[in-house]
Amino acid sequence: MKAQTFTTPSGETMVILPKADYDALLAAAEEAGDGAAIGRFRERMAAGEEELLPAAMVDRILAGESPIRVWRQHRGLSLKALAEKVEIAQPFLSQIETGKREGGIDTLKRIASALGVALDDLV
């Protein structure tokens with residue numbers, strides 16, 4: 001690394017380096033950040049705060065299928081069982097899943113809690 005240093009009139013030391021060296025430093029910092037993020041993810045996985053999802057499940061959500069339905073089925077719950085856990089009528093839950101009705105924020109929070117997911121995973 002070929003760096004040059006100089007001092008500004010205010011006394012601050014500055015460093016100038018070639019663009020290739022600068023790019024290499026940025027890449028190294030990104031890798032370190034990625035490694036730290038992976039470490040945090042592994043800790044959350046070990047604590048049961050994160051889970052890996054099957055690709056087919058992600059594909060269904062990305063294709064536009066109701067995340068509530070996808071998560072419900074992934075959890076092995078029937079429409080009736082989830083509606084009972086959330087304490088709402090089964091037809092209302094069905095309408096939320098099909099997009100015919102919108103659930104209020106309180107209802108969606110209760111659905112997320114019953115499914116063991118964050119609200120963001122459903123909206």
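Only a predicted model underlies this, so the values are computations on that prediction, with no experimental measurement involved.
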| Given the rule in the side chain to side chain contact (heavy atoms under 4.5 Å, CB included) test, do Leu115 and Leu77 qualify, once you have shown the distances and angles that lead to the verdict? | CA-CA 9 Å; Leu115 292 171; Leu77 294 170; 4.0 Å; yes

| query | Can you list the steps and then say if Gln95 with Gln90 is a side chain to side chain contact (heavy atoms under 4.5 Å, CB included)? | reply | CA-CA 9 Å; Gln95 290 171 336; Gln90 183 178 334; over 6 Å; no

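You'll find the side chain of Leu53 reaches within 4.5 Å of the side chain of Trp71, heavy atoms only. Side-chain contact between Met14 and Thr8 is present, with heavy atoms from C-beta onward closer than 4.5 Å. Within the 4.5 Å cutoff, the side chain of Met57 has no heavy atoms near those of the Gln73 side chain. Looking only at side-chain heavy atoms (C-beta outward), Ile61 and Asp121 stay at 4.5 Å or farther from each other. Annotation: side chain of Leu119 is not in contact with side chain of Ile111 (no heavy-atom distance under 4.5 Å). Contact annotation: the side chain of Ser66 never approaches that of Arg72 to less than 4.5 Å [non-hydrogen atoms, C-beta and beyond]. With contacts defined as side-chain heavy-atom distances shorter than 4.5 Å, the pair Ile68/Leu93 qualifies. Side-chain contact between His74 and Arg69 is absent, with no heavy-atom pair separated by less than 4.5 Å.
Taking every heavy atom of both residues into account, Leu17 and Ala3 meet most closely at CD2-CB, 4.2 Å. Lys85 and Ala114 make their closest contact through NZ-O, 3.3 Å (heavy atoms, listed as atom of the first residue, atom of the second, distance). Nearest heavy atom pair, residue Ser94 against residue Leu79, reads CB-CD2, 3.6 Å. Across every non-hydrogen atom of Arg110 and Glu87, the tightest pair is NH2-O, 3.6 Å.
With values rounded to the nearest 0.5 angstrom, Asp21 atom CG is found 11.5 Å from Leu26 atom CG. If you take CZ on Phe92 and NZ on Lys100, they are separated by 14.0 Å, rounding to the nearest 0.5 Å. In this structure, Leu122 CG and Ile96 CD1 are separated by 10.5 Å, a value rounded to the nearest 0.5 Å.
Within 6.0 Å of CZ in Arg44 there are more than 12 heavy atoms belonging to other residues, nucleotides or ligands. Other residues, nucleotides and ligands place more than 12 heavy atoms under 6.0 Å from the CZ atom of Phe41.
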Please report, to 0.1 Å, the donor-acceptor pairs under 3.5 Å made by any side chain of residues 29-39, with sequence neighbours excluded.
none

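In this structure, Val123 is a member of the same hydrophobic cluster as Leu62, with clusters built from ILVMFWY side-chain heavy atoms closer than 4.5 Å. By the rule that hydrophobic residues join a cluster once side-chain heavy atoms approach within less than 4.5 Å of another member, Leu25 and Ile16 end up as members of separate clusters. Connection of Leu52 to Val117 is not established within any shared hydrophobic cluster, with ILVMFWY side chains joined at heavy-atom distances below 4.5 Å, either directly or through further cluster members.
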